[in-house]
Amino acid sequence: WVNDGGMDTSALLESVPTGLWIGGQERAAASTFNVLDPSDDQVLVAVSDATAEDATAALDAACAVQAEWAATPPRKRGEILRSVFETITDRADDIATLMTLEMGKVVAESKGEVTYGAEFFRWFAEEAVRIDGRYTPSPAGNGRILVTKQPVGPCYAITPWNFPLAMGTRKMGPAFAAGCTMIVKPAQETPLTMLLLAKLMDEAGLPKGVLSVLPTSNPGAVSEALIDDGRLRKLTFTGSTGVGKALVKQSADKLLRTSMELGGNAPFVVFDDADVDAAVDGAILAKMRNGGEACTAANRFHVANAVREEFTEKLVKRMSEFTLGKGLDESATLGPLINAKQVATVTELVSDAVSRGATVAVGGVAPGGPGHFYPATVLTDVPADARILKEEVFGPVAPIAGFDTEEEGIAAANDTEYGLAAYVYTQSLDRALRVAEGVQSGMVGVNRGVISDAAAPFGGIKESGFGREGGTEGIEEYLDTKYIAFTR
Ligand code: NAD
């Protein structure tokens, strides 16, 4: 199979495991499902389709090695993670190509994700040896308080299709550093990157059973089998808010520890004292990174009326420079969306805004034909009741609305049930701090359009979920605190 970029990807596809990855081995399931290339809907490969029984087998494998992995010296765990980081870095081009094949984004974006995704292994390799505790006298003086951390135990991770590598490594890095085992269920659309990673991690020395990967077309059945099994101790989920809420309810029966990285509706607020050129640069990154299919993507642009015309004109010019095309074609700067449903959602949100009075300044029409393409689009004069200001568009559409005072800017930013990321542009330090503190979100970018960093705590508030991934905070999600009381 030769793509438009002229690269033969058949050898790469043949090197990817297509069975279930259980206990460090590939295992064929009774049936398979197809993985498609979103740029033309061609079948890339068929992969094994995990069932509830397979899920139980993966948990058996995890439980069999959990105690030994927890007892492995932290330095050793860290060295294995460091070796995984190096393996991924060595194989970055292959992983990026595979990711583009199954997910669609342009290969430069995939390479960026490989760098970001690998970083969680380097960061948590360093954190594995810094799991601390404390020893203090009790206030009465007759006792000693010893506090130590222990791995939570077997974990289950469910990941979305938009970042096929990094949404998994953000969970695996801290889990393995803490001494937990993990079963990963990648999104049905993009299981290949995770299957290749499992093989690479095995080669890099991760003990068998510590990681299992279960591609499936039936996430409900696989998840239920694991969540209802008393041996599982933690569920970590990245995906939509609706599915996240259902999983939290399901997890209540066994009182699992849960981390929820859910949907977003990030505001990008440009104040009248902003450097408009810098704001446009930031807007392109915040909007167009990953083709707009990011939970942190700027979903709506609230721009002070004093600079709105200048910002709009410059943003429209930059957005009109994107070239749609297959992700492996190096002349393309914007790949396809993941599937037809996603194109339909974007189209519907744009039509709704236009029917309420918004104007399409550039883009706005899906080209049709093979693949699921949608062009870079800017909507101006978007009214407050447009659905696109309330719902996650998950595509390359930038709706712009105006405001006058700082209070109005903050109020517009907070007018959502979500609270993941927010972006603020101003040259005033006072205002930056005021607004950053006033915006209801887990993360705020001040004069920058990209905020993700393995060394920083990533996560949301409100209906964007709870729990943090990355930073020194990330490992806590995989540790239980134990208090040991001594008499002295
Ligand atoms: P989704 O919720 O449909 O799917 C996510 C995962 O959940 C997939 O693996 C899917 O197979 C699985 N799933 C679906 N139904 C399930 C069920 N009943 N039981 C168990 N698992 C089930 O979301 P999506 O469309 O794949 O991903 C996009 C969403 O993810 C967006 O809302 C985006 O904002 C969010 N996201 C959030 C973050 C974050 O860190 N906060 C990061 C990336 C994406």
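Source: prediction; values computed, not measured. Remember, it's 1-based here, ligands and their atoms both numbered in the order they're listed.
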State, to 0.1 Å, how close [X] and [Y] come at their nearest heavy-atom pair, and which atoms those are.
| X | Y | value |
| --- | --- | --- |
| Asp352 | Ile388 | OD2-N, 4.5 Å |
| Glu113 | Ala166 | OE2-N, 2.8 Å |
| Arg289 | Ser452 | NH1-OG, 4.1 Å |
| Lys287 | Met319 | CG-CE, 4.3 Å |

Whether [Y] and [X] form a salt bridge (side-chain N of Lys/Arg under 4.0 Å from carboxylate O of Asp/Glu) is what I want to check.
| X | Y | answer |
| --- | --- | --- |
| Asp480 | Lys149 | no |
| Lys245 | Glu463 | yes |
| Lys390 | Asp385 | no |

Go through the side-chain N and O atoms of [X] and [Y] and say whether any donor and acceptor fall under 3.5 Å apart.
| X | Y | result |
| --- | --- | --- |
| Lys462 | Gln440 | yes |
| Thr236 | Lys171 | yes |
| Thr347 | Tyr374 | no |
| Ser39 | Asp37 | yes |

For [atom], find the nearest protein heavy atom and state the residue, atom name and distance (0.1 Å precision).
| atom | result |
| --- | --- |
| atom 16 (C) of ligand 1 | Val243 CG1, 3.7 Å |
| atom 22 (C) of ligand 1 | Pro219 CB, 3.6 Å |
| atom 35 (C) of ligand 1 | Gly239 O, 3.2 Å |
| atom 25 (O) of ligand 1 | Trp161 NE1, 3.1 Å |
| atom 38 (C) of ligand 1 | Cys295 SG, 2.9 Å |
| atom 12 (C) of ligand 1 | Ile158 CG2, 3.6 Å |

With a heavy-atom distance limit of 4.0 Å, tell me whether [X] approaches ligand 1 through its side chain, its backbone, both, or neither.
| X | result |
| --- | --- |
| Phe163 | neither |
| Ser223 | side chain |
| Arg170 | side chain |
| Glu392 | side chain |

Where ligand 1 meets [X] - atom numbers and elements under 4.0 angstrom, heavy-atom basis:
| X | answer |
| --- | --- |
| Pro160 | 26 (O), 27 (O), 43 (C), 44 (C) |
| Thr159 | 6 (C), 8 (C), 9 (O) |
| Leu420 | 41 (N) |
| Ala187 | 9 (O) |
| Phe458 | 39 (C), 40 (O) |
| Thr238 | 5 (C), 36 (N), 37 (C), 38 (C), 39 (C), 40 (O), 42 (C), 43 (C), 44 (C) |
| Met167 | 42 (C), 43 (C) |
| Asn162 | 43 (C), 44 (C) |

Hey, could you give me the CG/CH2 distance between Leu214 and Trp21, rounded to the nearest 0.5 Å?
-> 13.0 Å
State whether the shortest distance between N or O atoms of [X] and N or O atoms of ligand 1 falls below 3.5 angstrom.
| X | value |
| --- | --- |
| Thr241 | no |
| Leu262 | yes |
| Ser240 | yes |

Would you indicate which of Gly442, Ala294, Gly220 comes nearest to atom 18 (N) of ligand 1 when only heavy atoms are counted?
-> Gly220
Select the closest option to atom 10 (C) of ligand 1 among Gln188, Glu189, Lys185, judged by heavy-atom distance.
-> Lys185
With a 4.0 Å cut-off, strictly under, does atom 4 (O) of ligand 1 pick up any protein heavy atom?
-> no
Backbone N/O of Phe237 and side chain of Glu261: donor-acceptor pair under 3.5 Å = no
Within 45° of the ring axis of Phe458 and under 6.0 Å from its six-membered ring centre, is that where the NZ or CZ of Arg170 lies?
-> yes
